[in-house]
Chemist: 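Got a structure for you, written out below as C-alpha cells; questions coming shortly.
All of these numbers come straight from a predicted model, not from anything done at the bench.
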Amino acid sequence: MSTSSRDLNQPDALEDFTRRTITLDGATPGVSKTVHVTGSGPAVIVMAEMPGISPHVARFARWVRDAGFTVYMPSLFGDDGAVPDEARSAEVFQHACVSAEFRAFAKGNPDGKASPVTQWLRALARFAHEECGGPGVGAIGMCFTGNFALSMTLEESVLAPVLSQPSLPLDEPGQVESPPEELAAVRERLEKDDLTVLAYRFEGDNFCQAERFARYAEVLGDRFDGRVLPDEAANTRDLSPFHQKFVTTPHSVVTVHLVDEEGEPTRRARDEILDFFADRLKV
C-alpha cells in the first residue's frame, strides 16, 4: 500500500515496520523501549507528537523512509498505530505529564532539567548510527517531543535536528525545555560542527507561541532557523477526535494539519525537512 493511499482515519497496523525491543542506557541503565524501524540508508529518529504514533505520524515516517533513510520511531507514549480518540488521548496525556521520563511543566521542574528520556534518545541515535553508518543521524521531535531533537544534538552523531511545534514547557510559552547549561552546550556543538536547527510552527499555535521561537533565537543565534506558517495553511478536514477536542489552533505542521497537495506551505515544509536530512546525512 502506498504512503499516500492509506486511510488516516483507520488504525495503522505498521505492518511495513519492524517492531524491535531495543535496550539502551538512559536515565536508568538498561532501559528497553519498543522502536519501529523501516527503510535503508542513514538513520533518522522520528519522535511522535501527543498522543502517540498515530496514522499521521506513521505517514510522515514513511515519507522519511521513502526519501532514502532508515527510520527509527520509538514508542514513547500512547497506543502505537491508533487513531487518537478523546478519552484515551486525555489519559495518555495525563500519564505523560506526571511520568518521571518527561518534564512537561516548568513549575513542576524546579531544577530546570531536560526530560530524562532525552538521555535514552541520545543513546538511540548513537545505536542507529552504528547500525546504519553514514555521516550521522537526523532527528525530528513534534509537539511534546519537539525539543528532544535539540537535546539530542549533545550526541555527536546527530547532525540534523528538526523541532516541529516544540510545546514544552506547557505552562511557560517563553521558555524552552532545556536548562541554561544544556543550551550553552548545544550552542557550542552547533558552532563547532557548523550545524543548524530547523524549526516550524503555525503563527497562531497556542502550544508553541512566538515567544518560544524568540527564546530559541536568543540562545542559539543564527544557528536557529525558525519558520512560521500562516494559520490558513493548516488542514481543517477530517481531524481526529483528539484534535477536534483539545487542539483548537493550527499545530501539527507535518502530520494532522499538513495539506498534501502541490503548492501548499505544509507540504513545502515537509519537503524542506527531507531536503535538510539529505543535505546533512547523505554522502
Chemist: If two hydrophobic side chains count as joined below 4.5 Å and joins carry through other members, does Phe276 share a cluster with Phe60?
Modeler: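 Yes: a chain of side-chain contacts under 4.5 Å links Phe276 to Phe60.
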
Chemist: What verdict does the side chain to side chain contact (heavy atoms under 4.5 Å, CB included) test give for Leu229 and Glu203, after you've listed the backbone C-alpha separation in whole Å, the side-chain angles of each residue and the deciding distance to 0.1 Å?
Modeler: CA-CA 6 Å; Leu229 279 63; Glu203 185 176 18; over 6 Å; no

Chemist: Do the side chains of Glu172 and Arg212 get close enough for a salt bridge, i.e. N-O under 4.0 angstrom?
Modeler: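 No, no charged N to carboxylate O under 4.0 Å.
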
Chemist: Say whether Ser240 and Asp85, considering side chains only, have a donor N or O and an acceptor N or O under 3.5 Å apart.
Modeler: no

Chemist: So, are Arg126 and Glu156 salt-bridged, with charged N and O less than 4.0 Å apart?
Modeler: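 Between Glu156 and Arg126 there is no salt bridge, as every charged N stays at least 4.0 Å from the carboxylate O atoms.
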
Chemist: Indicate, with yes or no, if Val253 and Val57 share a hydrophobic cluster defined by side-chain heavy-atom contacts under 4.5 Å among Ile, Leu, Val, Met, Phe, Trp and Tyr.
Modeler: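 Same hydrophobic cluster.
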
Chemist: Okay, side chain of Arg59, backbone of Ser54: is any donor-acceptor separation there less than 3.5 Å?
Modeler: no

Chemist: More than 12 heavy atoms of other residues, nucleotides or ligands under 6.0 Å from CD of Glu262: is that the case?
Modeler: no

Chemist: Any chance the side chains of Glu101 and Ser115 put a donor and an acceptor closer than 3.5 Å?
Modeler: no

Chemist: For Met142, does its backbone N or O pair with a side-chain atom of Gln165 as donor and acceptor, under 3.5 Å?
Modeler: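 Between the backbone of Met142 and the side chain of Gln165 there is no qualifying donor-acceptor contact (under 3.5 Å).
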
Chemist: Would you say the ring centroid of Phe144 lies under 6.0 angstrom from that of Phe77?
Modeler: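 That pair passes the under 6.0 Å test.
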
Chemist: Quick check: do Pro161 and Leu198 have side-chain heavy atoms less than 4.5 Å from each other?
Modeler: no

Chemist: Within a strict 4.5 Å, meaning less than it, do heavy atoms of the Phe69 and Leu281 side chains meet?
Modeler: yes

Chemist: Are the side chain of Gln209 and the backbone of Asn206 linked by a donor-acceptor contact shorter than 3.5 Å?
Modeler: yes

Chemist: Can you list the steps and then say if Arg280 with Leu195 is a side chain to side chain contact (heavy atoms under 4.5 Å, CB included)?
Modeler: CA-CA 9 Å; Arg280 281 295 181 180; Leu195 302 181; 3.5 Å; yes

Chemist: Classify the angle between the aromatic ring planes of Phe246 and Phe242 as parallel (below 30°), tilted (30 to 60°) or perpendicular (above 60°).
Modeler: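 If you compare the ring of Phe246 with that of Phe242, the planes turn out tilted.
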
Chemist: Assess whether atom CD of Glu191 is packed by more than 12 heavy atoms of other residues, nucleotides or ligands within 6.0 Å.
Modeler: yes

Chemist: When you measure from the side chain of Arg187 to the backbone of Val219, do you find a donor-acceptor pair of N or O atoms at a distance under 3.5 Å?
Modeler: yes

Chemist: Decide side chain to side chain contact (heavy atoms under 4.5 Å, CB included) for Val117 and Leu76; before the verdict, give the C-alpha distance in whole Å, the side-chain angles of both, and the deciding distance to 0.1 Å.
Modeler: CA-CA 9 Å; Val117 72; Leu76 301 176; 4.2 Å; yes

Chemist: Keeping Thr266 on the side-chain end and Val259 on the backbone end, is there a donor-acceptor pair under 3.5 Å?
Modeler: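 Checked: pair present.
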
Chemist: Applying salt bridge (charged side-chain N to carboxylate O under 4.0 Å, His left out) to Arg62 and Asp66, what does each step give before you reach the verdict?
Modeler: CA-CA 6 Å; Arg62 291 184 178 103; Asp66 295 347; over 6 Å; no

Chemist: Run the salt bridge (charged side-chain N to carboxylate O under 4.0 Å, His left out) check on Arg20 and Glu131 step by step: do they pass?
Modeler: CA-CA 14 Å; Arg20 298 171 60 181; Glu131 286 201 331; 2.7 Å; yes

Chemist: Are any side-chain N or O atoms of Trp120 and backbone N or O atoms of Val31, one a donor and one an acceptor, separated by less than 3.5 Å?
Modeler: yes

Chemist: Do Arg237 and Glu261 sit within salt-bridge range, that is, some charged N less than 4.0 Å from a carboxylate O?
Modeler: yes

Chemist: Are Arg201 and Phe213 in a cation-pi contact, defined as NZ or CZ under 6.0 Å from the six-membered ring centre and within 45° of the axis?
Modeler: yes

Chemist: Apply the test side chain to side chain contact (heavy atoms under 4.5 Å, CB included) to residues His36 and Thr34: give CA-CA distance (whole Å), side-chain angles for both, the deciding distance (0.1 Å), then the verdict.
Modeler: CA-CA 7 Å; His36 301 274; Thr34 296; 3.8 Å; yes

Chemist: So does Arg65 pair up with Asp16, basic N to acidic O under 4.0 Å?
Modeler: yes

Chemist: Does a donor on one side chain and an acceptor on the other come within less than 3.5 Å for Asn147 and Tyr216?
Modeler: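 Yes, Tyr216 and Asn147 have a side-chain donor paired with an acceptor closer than 3.5 Å.
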
Chemist: Could you check whether any side-chain N or O of Arg122 sits under 3.5 Å from a backbone N or O of Ser151, counting only pairs where one atom can act as donor and the other as acceptor?
Modeler: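 Flag set: sc Arg122 to bb Ser151 pair under 3.5 Å.
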
Chemist: Quick one: does any side-chain atom of His257 pair with a main-chain N or O of Ser252 as donor and acceptor, under 3.5 Å?
Modeler: yes

Chemist: When you compare the side chains of Glu49 and Thr255, does any donor N or O come within less than 3.5 Å of an acceptor on the partner?
Modeler: yes

Chemist: Between the main-chain N or O of Ala106 and the side-chain N or O of Asp171, is there a donor-acceptor pair closer than 3.5 Å?
Modeler: yes

Chemist: Would you say Phe102 ends up clustered with Phe207 if hydrophobic residues are merged whenever their side chains have heavy atoms under 4.5 Å apart, either directly or through other cluster members?
Modeler: yes

Chemist: Going only through I, L, V, M, F, W and Y residues with side-chain contacts under 4.5 Å, is there a path from Ile273 to Leu150?
Modeler: yes

Chemist: Judged by atom type as modelled, is there a donor-acceptor pair below 3.5 Å linking the side chain of Asn235 to the main-chain atoms of Leu258?
Modeler: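 Not confirmed, Asn235 side chain does not pair with Leu258 backbone.
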
Chemist: Is the number of heavy atoms from other residues, nucleotides or ligands within 6.0 Å of NZ (Lys33) greater than 12?
Modeler: yes

Chemist: Do Asp205 and His251 have side-chain N/O donor and acceptor atoms under 3.5 Å apart?
Modeler: yes

Chemist: Testing the 3.5 Å rule here: is there a donor-acceptor pair between the side chains of Ser75 and Asp80?
Modeler: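 A pair is found: one side chain offers a donor N or O, the other an acceptor, under 3.5 Å apart.
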
Chemist: Are the side chains of Val197 and Leu190 in contact, using a 4.5 Å heavy-atom criterion?
Modeler: yes

Chemist: Are Leu154 and Val44 in one and the same hydrophobic cluster, where Ile, Leu, Val, Met, Phe, Trp and Tyr link if side-chain heavy atoms are under 4.5 Å apart?
Modeler: yes

Chemist: Check this for me: does any side-chain nitrogen of one of Arg267 and Asp271 sit under 4.0 Å from a carboxylate oxygen of the other?
Modeler: no

